[in-house]
Participant: 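Handing you a structure now.
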There are 2 protein chains.
Amino acid sequence: MAISQEISYRLERLILDGGLAPEQKIPSERQLATRLGVSRAVIREALHELQGRGVIETRHGKGSFVASMFPRTDDLDPQSPLMLLFEGHPRTLFDLLEVREQLEGQAAYLAAKRATTLDLHRITKAYTALEQTDPLTNARPDHNFHQAIVEASHNPVLVHVLNGLKNLMLLTVQASVANLNPREEMRNKISRQHKRIYQAVMAKKPEAARRIAMSHVRFVSDAMRGIEQQGTAIIREPFNGPASIGTSP
Amino acid sequence: MAISQEISYRLERLILDGGLAPEQKIPSERQLATRLGVSRAVIREALHELQGRGVIETRHGKGSFVASMFPRTDDLDPQSPLMLLFEGHPRTLFDLLEVREQLEGQAAYLAAKRATTLDLHRITKAYTALEQTDPLTNARPDHNFHQAIVEASHNPVLVHVLNGLKNLMLLTVQASVANLNPREEMRNKISRQHKRIYQAVMAKKPEAARRIAMSHVRFVSDAMRGIEQQGTAIIREPFNGPASIGTSP
DNA sequence: GAACCAGTACTGGTCAGACCACAGAATACA
DNA sequence: TGTATTCTGTGGTCTGACCAGTACTGGTTC
């Protein structure tokens, strides 16, 4: 096998295993060439392979960077079949929460199991930001906290699936924000659940992390079901604020 | 945009538009360089990009050729990022099985809870077909059985997600069939697990169905992990050269 | 005639060193 | 202080050379 392919393979595995995190800068071509004892040409060819499959992005004059696992293609795509379904049938919200319960539980489990120190640092950063922000005004930190955990799972399939559901999740999160957060005791409970998820992941307790994350989603789902049964119409219209995923779950 | 990227883009469009047929040979690097008025280096970089995304294959001493598989139209999409990942990194198989464990468990749970008589009829049909087929020759019945259960969950989100993973799922099922079924005791265990899933769903026992389905996927995953550790352990350790790639000091 | 073998003319793979274009920080100047 | 200017580091491109496989060609040998 050609050297350039070996190098591209090594780099890709390094990225998958978390040795190089998304958005992180890759050593310069000249550095890599020197360090690996090959010419700069083969380094460039290896990087172009990774570029071709979207693993890295290269910016002239700045360097090469690991591509975000979550592609920036958030065209809301209101024409997608699932979106249309959601518009017409409120029950889809609970269907999604059912799926999320499983996937987020697994994500928390894997994160607690596999997170590198860099991952833990990022999660901590996202969590502290989440704590210091009023979830009603800005759901962005919540989204980051959630995303940090998913990325720390180091499971590209999981990342891919959750990313495919991102837009739908956005709607459910906005629903939960609109319905749950205004209620003081709900907000406190959710905040406490976030804290427990964070602690379980940091303490590297996979089973606990899964259990807590799942019960968290379940809690939100049940709460909203309760609200719906009371007759209060569930608010489903998105805020016009920044995108958010996760202010609970 | 860099010249190499323009060239790779032009070449890919040429291939997609049928200007270059599958298996057909691409002009040599030196010819392309001369014809396009650029250096051979940029040609090589462009080709490596296409190679990275599986559009072409390059053989030393022979030339570069348009890759064979090309139903790029819809479902099959062997060029999707996840597919490419799967090709290059066997680990992705276990990543997918991790996700499947959760989703199929949930699917079985919901199917046992919500299946209509029509659903149950379909599941029965798929199950009997699965029983009567030699699993060694065809993985399809296996996949169909699982799919019937998923559809009986009546959760469109779940169906959508698993459908998006259909091709990857087929690969895992095939992998399990190819690796596990040849072994008598494995085949029997798996067959028994299928039976128990079937019975749990038919008896409308959600919790049992979930538990059994999850342990089924887990069993397959563990078994294949065991096989891999016996037979392919060495291949997993590709390059332990003296040089390391990560960010240094 | 058939089998073998070296020569040759391709192909891609790697290397070295040079120069250009861009981005950003440090510096000098007004 | 604030704005040019320079400097340094990055990726982008070029050149020409050599190495390494592949396949065809033509001659030698049996």
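Computed from a prediction, not measured in an experiment: that's the story for all the values here.
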Participant: Contact class for Arg59(B) vs. all strands (heavy atom < 4.0 Å): base, sugar-phosphate, or nothing?
Facilitator: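 Counting heavy atoms under 4.0 Å across all strands, the contact made by Arg59(B) is with sugar-phosphate only.
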Participant: Side chain to side chain donor-acceptor pair (under 3.5 Å) for Arg100(B) and His146(B)? Distances and angles first, verdict last.
Facilitator: CA-CA 11 Å; Arg100(B) 273 190 69 184; His146(B) 286 231; 3.2 Å; yes
Participant: Over how many whole Å does the gap from Met1(B) atom CE to dG11(D) atom P extend?
Facilitator: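 Interatomic distance, CE of Met1(B) to P of dG11(D): 18 Å.
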Participant: Check each of Ile56(A), Leu47(A), Val55(A) against Leu11(A) using the side-chain contact (heavy atoms from CB on, under 4.5 Å) test, and report the only one that passes.
Facilitator: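 Testing each of Ile56(A), Leu47(A), Val55(A) against Leu11(A), the sole residue satisfying side-chain contact (heavy atoms from CB on, under 4.5 Å) is Leu47(A).
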Participant: Roughly, in whole Å, what's the span from CZ in Arg40(A) to P in dT15(D)?
Facilitator: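 The answer, rounded to whole Å, is 16 Å.
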Participant: Give the rounded distance in Å between these two atoms: CD of Glu29(B) and C1' of dC14(D).
Facilitator: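 Nearest whole value for this atom pair: 15 Å.
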Participant: Base, sugar-phosphate, or nothing for Gln31(B), non-hydrogen atoms under 4.0 angstrom?
Facilitator: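 Answer is sugar-phosphate: Gln31(B) comes under 4.0 Å of backbone atoms only.
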Participant: Parallel under 30°, tilted from 30 to 60°, perpendicular over 60°: which one fits the rings of Tyr127(A) and Tyr198(A)?
Facilitator: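 Geometry flag for Tyr198(A) against Tyr127(A): parallel rings.
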Participant: Roughly how many Å is it from CZ in Arg44(B) to P in dC14(D), rounded to a whole number?
Facilitator: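 It is 15 Å, rounded to the nearest whole Å.
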Participant: How close or far is atom P of dT10(D) from atom NE2 of His60(A), stated in whole angstroms?
Facilitator: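 From His60(A) NE2 to dT10(D) P: 12 Å.
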Participant: Roughly, in whole Å, what's the span from CD1 in Ile7(B) to C1' in dC14(D)?
Facilitator: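 That distance rounds to 13 Å.
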Participant: Closest nucleotide of DNA chain C for Glu45(A) versus for Gly61(A): which of these residues is on the 5' side?
Facilitator: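 This one resolves to Glu45(A).
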Participant: Can a side-chain donor-acceptor contact be found between His154(A) and Asp95(B) if the only test is distance below 3.5 angstrom?
Facilitator: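 The answer is no; no qualifying pair exists.
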Participant: On a heavy-atom basis, which atom in Ile7(B) and which in Val42(B) lie closest, and how many Å separate them?
Facilitator: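 Ile7(B) and Val42(B) have their closest heavy atoms at CD1-CG2, 4.4 Å.
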Participant: With no hydrogens and no angle check, just 3.5 Å: does a side-chain donor-acceptor pair link Ser153(A) and Tyr109(A)?
Facilitator: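 No - no donor-acceptor pair under 3.5 Å links their side chains.
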Participant: Taking heavy atoms of chain B and a 4.0 Å limit, find me the 5'-most and 3'-most nucleotide of DNA chain C within that range.
Facilitator: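 Answer, 5' to 3': dT11(C) to dT14(C).
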Participant: Specify the separation, in whole Å, of atom CD of Gln5(B) and atom C1' of dG11(D).
Facilitator: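 Taking atom C1' of dG11(D) as the reference, CD of Gln5(B) is at 11 Å.
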Participant: CZ of Arg30(A) versus P of dG12(D): gap in Å, rounded?
Facilitator: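 Result: 11 Å.
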Participant: What donor-acceptor contacts under 3.5 angstrom involve side-chain atoms of residues 59-67 of chain B, with partners at least two apart or in another chain?
Facilitator:
from: Ser64(B); atom 1: OG; to: Thr58(B); atom 2: OG1; distance (Å): 2.9

Participant: Please work out if Leu47(A) contacts a base, only the sugar-phosphate, or nothing of the nucleic acid, heavy-atom cut-off 4.0 Å.
Facilitator: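 The residue Leu47(A) makes no contact with any strand.
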Participant: Using only side-chain N and O atoms of Ser39(B), determine if any of them is under 4.0 Å from OP1 or OP2 of dT13(D).
Facilitator: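 For dT13(D), OP1/OP2 do not have a side-chain N/O of Ser39(B) under 4.0 Å.
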